[in-house]
There are 2 protein chains.
Amino acid sequence: MNLKQLSELLGLSQTTISRALNGYPEVNAQTRLRVLKAAQETGYRPNRAARRLATGKAGSIGLIMPIASEQSADIHFAEFQRGLADECLAHEFHFVIMPSQPDEEEQAIRGLVSSGSVDAYYLAYMRPRDSRIAMAKSLPTPFIVHGRSLGLAEDYPYVDVDNERAFREATELLLDLGHRRFALINGPADLDFAIRRQIGVEKALAARGLRLAPAAISNTLMTDASGYRQMETILRGEVRPTAVLCASTVLALGAVRAINQAGLVLGRDISLIAHDDDLMLLKPENFIVPLTTTGSSLRDAGRRIAERLITAVANPDADMPIAELWTAELVVRASTGRAPG
Amino acid sequence: MNLKQLSELLGLSQTTISRALNGYPEVNAQTRLRVLKAAQETGYRPNRAARRLATGKAGSIGLIMPIASEQSADIHFAEFQRGLADECLAHEFHFVIMPSQPDEEEQAIRGLVSSGSVDAYYLAYMRPRDSRIAMAKSLPTPFIVHGRSLGLAEDYPYVDVDNERAFREATELLLDLGHRRFALINGPADLDFAIRRQIGVEKALAARGLRLAPAAISNTLMTDASGYRQMETILRGEVRPTAVLCASTVLALGAVRAINQAGLVLGRDISLIAHDDDLMLLKPENFIVPLTTTGSSLRDAGRRIAERLITAVANPDADMPIAELWTAELVVRASTGRAPG
DNA sequence: AAACGCCTCCAAAGCGCTTTGAGTGGCAGG
DNA sequence: CCTGCCACTCAAAGCGCTTTGGAGGCGTTT
């Protein structure tokens with residue numbers, strides 16, 4: 001069933017039907033009712049491609065799904081996506097996912113945007129001086145960056161968590177508990193958020209005249225297995241740290257396992273703080289020793305980004321708030337205690 | 001940059017350009033090269049909406065993302081999606097996600113399909129006598145069901161794991177080890193896969209004259225926290241089971257925690273087998289006591305479904321293999337041992 | 001009575017692509 | 001020299017929608 005058929009059925013012009021359906025004022029209330037009813041009964045849905053062609057908009061936002069071969073379905077990505085979905089549902093948007101190898105992301109975005117598949121899109125997994133930002137700014141399609149890119153002026157729209165601050169505060173907490181030897185189990189070294197977290201730790205330490213030994217820093221995928229492996233390595237080191245910071249509760253899951261297996265007690269022999277993205281799957285309070293965390297909901301971020309994107313599409317001129325920097329909440333639980341000895 | 005502009009630039013008709021780009025034979029090799037080069041240089045991409053309007057196809061498959069309010073970003077969904085993405089990437093497809101409340105799924109699919117947003121789609125989270133299947137069959141768009149629907153003739157295209165068999169075999173293994181008291185921590189009670197798994201357990205038990213007490217069955221969301229809660233309840237019961245089956249390694253994560261906390265030793269005091277969807281996030285071999293599992297890769301399922309869908313789109317007449325029933329692999333690790341005392 | 005304005009509705013153009021049907025020019029065969 | 005055929009190219013129609021620029025009818029104003 002298409003517009004033409006519907007118009008013939010009702011003996012009205014396509015114009016009128018279209019207007020009636022889209023809520024334009026220049027149509028008789030009674031006529032509109034007739035149209036609405038017929039549309040309902042026949043199950044008519046405007047063809048989205050046609051609408052897009054005619055209007056340039058079609059109610060969809062785009063995202064690139066990173067597909068590194070070694071990397072797997074990322075729970076963090078999923079949680080974020082869930083936030084997007086919540087918001088999209090409320091506005092009858094859908095989202096288009098274009099999978100892409102990391103080195104072809106720029107290409108992928110170009111494709112998505114210039115083929116007119118999406119009205120707006122978002123960029124994530126930022127690296128320092130990320131070239132995608134310049135590209136995005138040169139394109140007419142609205143976008144938002146999830147995260148930021150070190151080394152670039154912050155003149156692009158973004159939503160980010162203050163990772164540096166979160167990890168600085170977490171480190172300060174541990175310092176105040178008397179800890180002196182630290183380790184950091186971080187995300188991939190080329191990602192902006194990981195770099196900022198490391199900076200946060202380093203700054204807090206530097207303020208007390210301490211520093212993070214290069215050997216005490218590990219960069220890895222955010223999986224349970226890597227968390228385990230890294231922690232194992234750390235525990236085997238010459239000077240065992242008493243305080244560990246983890247970039248994710250998923251990493252912490254493995255890390256805690258390694259700690260237990262080494263016969264150490266979390267919160268007594270070794271303290272740990274993880275960043276908590278508020279994954280439904282894995283709650284820090286449900287760990288055997290509840291985890292002290294820096295928390296910030298990834299899902300909320302997704303929701304907010306979708307919200308801003310949808311607003312931008314609906315309202316192209318209204319200038320949006322550019323920067324949004326969220327503060328992670330430090331929640332103290334049982335995995336942090338006074339430094340031993 | 002669009003076709004018209006490109007044609008003016010090259011002094012050729014739009015027809016010729018279109019043919020050159022799409023590999024039709026009736027164009028001079030030299031001309032084709034010129035066109036290809038110009039397209040490359042100008043960054044021309046055909047508008048997807050226009051192409052879809054003209055051809056009826058646009059290279060996208062659709063899926064409904066279930067958004068129950070209590071349910072969260074599901075790692076299983078993510079893992080599956082990753083498989084889809086792998087395959088889509090290889091064929092320059094993208095996928096369109098429409099989030100939907102469970103009770104509006106049918107509506108959501110109708111919208112996605114009749115608005116022409118997708119060339120094909122897949123259905124998942126099947127329930128018994130699921131009405132979506134009849135609907136899908138009545139629509140002209142190709143689809144595949146991930147899973148099956150009990151109570152319906154199997155005359156629709158699907159890819160499923162033989163859940164009943166997997167759980168029957170797992171149960172038999174435990175029976176052979178001398179276990180007599182069983183518990184099942186299963187997924188949501190209304191989902192087909194959960195029902196089949198329960199049937200598998202019951203059949204294996206029945207063959208030895210045993211049955212599963214209603215109190216020994218729990219249905220729950222597939223999260224760490226629920227796994228913990230259910231196992232805790234089970235352990236507090238009057239007759240404590242010695243063998244537990246888990247619908248997911250994620251559930252097992254929590255369940256194992258509860259077992260440890262109760263001071264029991266996994267594989268000795270209590271045996272556990274979990275279904276392993278091959279989540280990268282969570283490997284059964286990485287549990288402190290490596291988990292015995294029934295394994296089947298969700299990602300492979302996603303890949304296969306995308307493959308079949310894409311074939312169906314490219315090749316509408318070729319009739320596809322309807323049914324594909326995969327066998328889960330039983331992998332024995334340390335979490336199963338002889339029944340105690 | 002003429003003019004104006006408002007309310008409804010419509011015909012037609014146009015979004016960017018694919019595809020049909022119809023030329024062109026060049027060359028071999030009769 | 002004419003015809004026929006091949007290789008190549010083009011103009012135009014059409015996909016289903018939105019939107020511009022009227023047009024007709026009717027009540028109100030001057």
Side-chain angles (χ1 to χ4, degrees), chain A residues 1-36 38-39 42-60 92 111-119 140-141 313-314, chain B residues 1-36 38-39 42-60 92 111 113-119 140 313-314:
Chain A
M1 174 62 61
N2 60 26
L3 235 206
K4 192 172 173 190
Q5 289 165 7
L6 193 60
S7 76
E8 281 163 3
L9 188 73
L10 287 169
L12 286 168
S13 77
Q14 300 187 32
T15 311
T16 305
I17 313 261
S18 171
R19 285 186 165 150
L21 256 27
N22 293 316
Y24 283 79
E26 55 276 83
V27 48
N28 189 304
Q30 215 164 347
T31 312
R32 186 190 304 274
L33 235 56
R34 248 182 81 213
V35 172
L36 250 30
T42 57
Y44 167 76
R45 320 256 173 169
N47 180 303
R48 237 162 150 123
R51 169 176 278 175
R52 158 168 283 283
L53 204 51
T55 61
K57 316 229 157 291
S60 63
E92 290 196 310
L112 214 50
V113 169
S114 59
S115 72
S117 306
V118 301
D119 299 327
T141 309
V313 170
Chain B
M1 173 63 59
N2 59 26
L3 235 207
K4 192 172 174 190
Q5 290 165 8
L6 192 60
S7 76
E8 282 163 3
L9 188 72
L10 286 169
L12 287 169
S13 76
Q14 300 187 32
T15 311
T16 306
I17 313 259
S18 171
R19 284 186 166 152
L21 255 27
N22 293 317
Y24 283 80
E26 54 277 83
V27 50
N28 189 304
Q30 216 164 347
T31 311
R32 186 189 304 273
L33 235 55
R34 248 182 81 213
V35 173
L36 249 31
T42 57
Y44 167 75
R45 320 255 175 168
N47 180 302
R48 235 159 151 124
R51 168 176 281 175
R52 159 169 283 283
L53 202 51
T55 62
K57 316 230 157 291
S60 62
E92 290 195 309
V113 169
S114 59
S115 73
S117 305
V118 300
D119 299 327
V313 171

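Sequence lines set the chain letters: A, B, ... in the order given, protein chains first and strands last, and positions in each chain run from 1.
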field: Close side-chain approach of B:N2 to B:N47, heavy-atom, < 4.5 Å
entry: no
task: Report, as yes or no, whether the 6.0 Å neighbourhood of atom CD on A:E8 holds more than 12 heavy atoms from other residues, nucleotides or ligands.
output: yes
query: Side chains of B:Y44 and B:I17: closer than 4.5 Å at any heavy-atom pair?
result: no
task: Measure across A:A20 and A:V27 and return the closest heavy-atom pair with its distance rounded to 0.1 Å.
output: CA-CG1, 4.0 Å
message: One character per nucleotide, please: for nucleotides 8-18 of chain D, 5' to 3', B when the base has a protein heavy atom closer than 4.0 Å, S when only the sugar-phosphate does, - otherwise.
response: SBBBB-BBBBB
task: Have a look at A:D119 and tell me which of A:R52, A:R51, A:K57 forms a salt bridge (Lys or Arg N to Asp or Glu O under 4.0 Å) with it.
output: A:R52
